[in-house]
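The block underneath contains the structure these notes are about, expressed in structure tokens.
Because the structure is a prediction, the values reported are computed rather than measured. Hydrogens, waters and symmetry mates are skipped; everything else that's a heavy atom, side chains included, is used. Letters A, B, ... mirror the listed sequences (proteins, then strands); counts begin at 1.
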Amino acid sequence: MSADEQRVERTGDVAIIVLVFVVLFGYDVLEAVTNLQQLPQLYAAYGMAESTPWWLLVTGVALPPVLLAAALWISRGMRLVPRAGVLLLGLAVSAQLALLLEELARQVAEAALG
Amino acid sequence: MRLGGKSADRVPGVAEEDDDRDALTWEGDDQVEDLVAEHDDEPEVATSAAAPVEAEPDPARSRDRLVAGALLVLAVAASVGWIVVAIGNPVQQPSLLGLAMYQLGELLSIVAPVLWWLTAGRLAPNPLPWRLVGLVVTAPWPLAFWVGA
């Protein structure tokens with residue numbers, strides 16, 4: 001087997017790596033959808049439904065798929081390890097943004113409560 | 001003891017000296033010595049050719065390495081900031097899976113600045129702009145909102 005032939009990644013390997021990251025990004029979406037369902041009820045229970053930070057909740061749902069698509073687009077044609085590295089970086093940025101959105105939602109709630 | 005010899009038909013005296021030399025040498029030894037001498041010359045030539053390159057470091061490369069080192073220090077500082085964010089995070093998870101995934105997210109947040117620095121260096125032909133973008137994207141922004149609140 002020549003060096004050029006060794007560089008060709010098997011489609012199955014790439015599919016497994018992508019599938020693992022799709023599941024991990026999918027969990028982020030699941031968490032964001034849970035927040036989208038439950039947080040408005042919590043705000044309503046405290047009598048401040050009008051203060052529900054919808055833009056934060058919707059952004060939280062939209063960000064993981066956008067970051068996954070960006071990571072897949074950037075890593076297209078790369079070998080297996082760099083591709084996994086870019087996808088891991090996308091997941092890490094998704095986690096950071098989720099923590100940032102949580103902090104913003106916390107401050108919105110504190111401001112609404114006075 | 002004789003190491004070799006086939007000199008029954010040689011002149012006594014002279015033949016014994018020749019036999020000793022025959023036993024300790026091989027035909028073609030002179031050629032081998034010449035060959036070794038030729039190869040011994042090559043590293044000296046290579047060393048003398050490489051010496052000027054080492055003696056004159058590229059100033060642009062030195063500057064790039066300095067900038068990359070400074071950006072790595074900032075990335076590590078951002079990671080420390082995310083550690084502070086993770087420690088001060090009051091969120092509690094109701095399930096073991098939720099706790100594990102949440103802590104995985106916090107861990108990824110902590111390693112993201114340095115991971116971005118490494119990935120840019122590994123994949124981008126010119127990593128400097130990508131590393132600058134990474135510093136902005138992976139900065140510990142929740143800390144800024146804590147300070148601003």
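Annotation: maximal heavy-atom pairing with chain A below 4.5 Å, among B:V111, B:N89, B:I110, occurs at B:N89. Note: B:L115 leads B:V85, B:T119, B:L115 in heavy-atom pairs under 4.5 Å with chain A. Between chain A and the residues B:A112, B:P113, B:P140, B:S109, the most heavy-atom pairs under 4.5 angstrom are made by B:S109.
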Stepwise side-chain contact (heavy atoms from CB on, under 4.5 Å) test for B:L128 and B:V67: CA-CA 8 Å; B:L128 179 60; B:V67 171; 3.4 Å; yes

side-chain contact (heavy atoms from CB on, under 4.5 Å) between B:L74 and B:W117, worked out: CA-CA 10 Å; B:L74 290 174; B:W117 187 91; over 6 Å; no

Kindly indicate, with the supporting measurements, whether the criterion side-chain contact (heavy atoms from CB on, under 4.5 Å) is fulfilled by A:F21 and A:L72. CA-CA 10 Å; A:F21 279 96; A:L72 286 174; over 6 Å; no

Apply side-chain contact (heavy atoms from CB on, under 4.5 Å) to the pair A:V66 and A:F25, showing each step before the final yes or no. CA-CA 10 Å; A:V66 170; A:F25 276 95; over 6 Å; no

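Put simply, the side chain of B:V84 does not reach to within 4.5 Å of the side chain of B:I87, judged on heavy atoms. At least one side-chain heavy atom of A:M78 sits less than 4.5 Å from a side-chain heavy atom of A:S75.
Inspection of the A:Q37 and A:Q41 side chains reveals no N or O donor paired with an N or O acceptor under 3.5 Å.
The interface of residues 80-101 of chain A with chain B, defined by heavy-atom distances below 4.5 Å, comprises A:P82, A:V86, A:L88, A:L89, A:L91, A:A92, A:V93, A:A95, A:Q96, A:L99, A:L100.
At distances below 3.5 Å, at least one donor-acceptor pair connects side-chain atoms of A:R76 with backbone N or O atoms of A:W73.
With a threshold of 4.5 angstrom between heavy atoms, B:L97 approaches chain A through its backbone and through its side chain.
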